[in-house]
Amino acid sequence: MQWNSLVALALSASSVNAMLRFSCSQLTTERLDPLVFPGANPSPHVHQIVGGNAFNTTMNPSLDLPSQATCTSCTFSEDFSNYWTAVLYFRAKNGTFKRVPQAGNQFLEQANGGMTVYYIPPYDGRTKVTAFRPGFRMLTGDPMLRNRVENAEHRSLSFRCWDANFGGEQGAPGTGRDTRELPNKPCPGGIRANIFFPTCWDGKNLDSADHKSHVAFPSSGSFESGGPCPSSHPVKIPQILYETFWDTRQFNNKADWPTDGSQPFVFSMGDPTGYGTHGDYVFGWKGDALQRAMDQNCNVNCPTLKSQSYQQANSCKMNARVREDIDGWLSKLPGSNPLTFN
Ligand SMILES: *[C@@H]1O[C@H](CO)[C@@H](O)[C@H](O)[C@H]1NC(C)=O
Ligand SMILES: *[C@@H]1O[C@H](CO)[C@@H](O)[C@H](O)[C@H]1NC(C)=O
């Protein structure tokens with residue numbers, strides 16, 4: 001219901017359910033991971049990174065992103081956060097890999113790839129959320145996972161197999177026909193990955209050793225249904241959702257697919273299952289902009305926030321610092337990550 005309203009909203013710009021939704025275009029795509037592998041150039045697997053151009057190999061929590069960045073690839077121009085995910089490759093029958101292009105998401109088609117970011121306050125419209133503090137970062141998902149795990153974290157990660165022109169499933173991400181593993185059939189309109197982050201914070205730590213323990217999922221129910229936070233993590237934070245749209249259309253010919261019935265897509269860490277999908281977040285909004293947007297139950301249109309055109313957002317790019325080919329027909333995934341099935 002919420003999501004049908006969102007669709008109506010995006011079309012009519014009327015004010016229904018609060019849900020900050022915006023695009024962040026491609027900033028850089030390379031093997032860097034300042035959260036899990038700070039200082040490593042290169043890190044183990046390719047990421048696509050969006051947001052402010054203060055993104056770096058190392059990003060200490062004391063780094064003031066709004067003052068260090070000179071542009072952001074997000075349409076809300078006070079958002080200098082960085083957001084990243086793994087990237088998807090197609091594995092041809094001869095064993096070579098080709099990176100799957102990304103494209104603008106439904107209703108945000110003018111964005112240059114990248115991802116759609118949501119900050120969602122509780123649906124009752126009353127419960128307040130506490131915006132993240134400077135230096136806050138977190139990780140959700142496990143790049144090494146190759147099997148289905150039933151817990152809140154992994155139930156929050158899913159894929160949508162679109163019919164042509166964003167057709168088919170229109171419900172909330174992870175519902176209806178969405179799957180927890182990479183779709184096992186060609187998707188005429190491409191594949192969208194959905195990554196929901198935890199919504200409860202311990203109120204103290206900006207990070208933790210595993211980049212997860214300082215945050216938690218609701219102790220019962222769901223964020224959407226107003227589920228309570230555990231006492232160890234009592235502070236409700238905005239629900240972050242990433243949607244990344246993989247334009248698989250050039251790889252949909254069944255003749256190019258494996259003859260054993262498996263599907264040909266593989267994430268950059270060597271994951272052909274999709275269970276290793278993950279998202280990284282480094283907060284970097286200017287001043288109290290995000291808190292204001294949450295307090296005002298902001299929507300796709302959010303007058304309290306400054307925004308920029310798609311053209312401006314698309315022009316914020318960084319040159320790759322890791323010098324390697326990630327886009328040709330590759331005999332190995334960058335980093336030589338082997339395919340691992342379990
Ligand atoms: C990245 O970090 C290096 C080393 O601290 C610094 O010289 C460089 O200016 C930083 N780049 C950006 C874009 O902030
Ligand atoms: C492998 O297959 C792809 C897709 O058909 C093709 O473009 C590429 O040239 C092939 N590479 C080799 C080394 O045969």
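If you read the sequence from its start, that first residue is 1, and numbering goes on from there. Order of appearance sets the numbers: ligands from 1, and atoms from 1 within every ligand.
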In the complex you have, is [atom] within reach of the protein, judged by whether a heavy-atom distance drops under 4.0 Å?
atom	answer
atom 5 (O) of ligand 1	no
atom 2 (O) of ligand 1	yes
atom 9 (O) of ligand 1	no

When you measure from atom 14 (O) of ligand 2 to every protein heavy atom, which one gives the shortest distance, and what is it?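 The closest one turns out to be Asn94 ND2, 3.0 Å.
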Would you say Tyr275 and Arg146 are linked by a side-chain donor-acceptor pair, where the criterion is simply a distance under 3.5 Å?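 Checked: Arg146/Tyr275 side chains show no N/O donor-acceptor pair below 3.5 Å.
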Is it true that, when you exclude Lys306 itself, more than 12 heavy atoms of the residues, nucleotides or ligands shown sit nearer than 6.0 Å to its NZ?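 Counting neighbours around NZ of Lys306, 12 or fewer heavy atoms of other residues, nucleotides or ligands fall under 6.0 Å, so no.
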Check whether more than 12 heavy atoms from other residues, nucleotides or ligands sit under 6.0 Å from atom CZ of Arg249, and answer yes or no.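 For Arg249, atom CZ is not crowded (no more than 12 foreign heavy atoms under 6.0 Å).
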Answer whether the closest heavy-atom distance between the side chains of Val149 and Asp142 falls below 4.5 Å.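 Side chain of Val149 against side chain of Asp142, heavy atoms only: no contact under 4.5 Å found.
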Which ligand 1 atoms does Asn56 reach within 4.0 Å, using its non-hydrogen atoms?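 Near Asn56, the atoms of ligand 1 are 1 (C), 2 (O), 3 (C), 8 (C), 10 (C), 11 (N), 12 (C), 14 (O).
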Pull out every atom of ligand 1 sitting under 4.0 Å from any heavy atom of Asn53, numbered as shown with elements.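 What qualifies from ligand 1 is 13 (C).
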Based purely on interatomic distance, does Arg321 place a nitrogen or oxygen under 3.5 Å from a nitrogen or oxygen of ligand 1?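 By distance alone, the answer is no.
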As a quick check of understanding, evaluate side chain to side chain donor-acceptor pair (under 3.5 Å) for Asn60 and Ser62, giving each step before the final call. CA-CA 5 Å; Asn60 293 324; Ser62 59; 5.1 Å; no
Single hit among Asn105, Asn194, Thr244 for side chain to side chain donor-acceptor pair (under 3.5 Å) with Thr116: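 The single option meeting the side chain to side chain donor-acceptor pair (under 3.5 Å) with Thr116 is Asn105.
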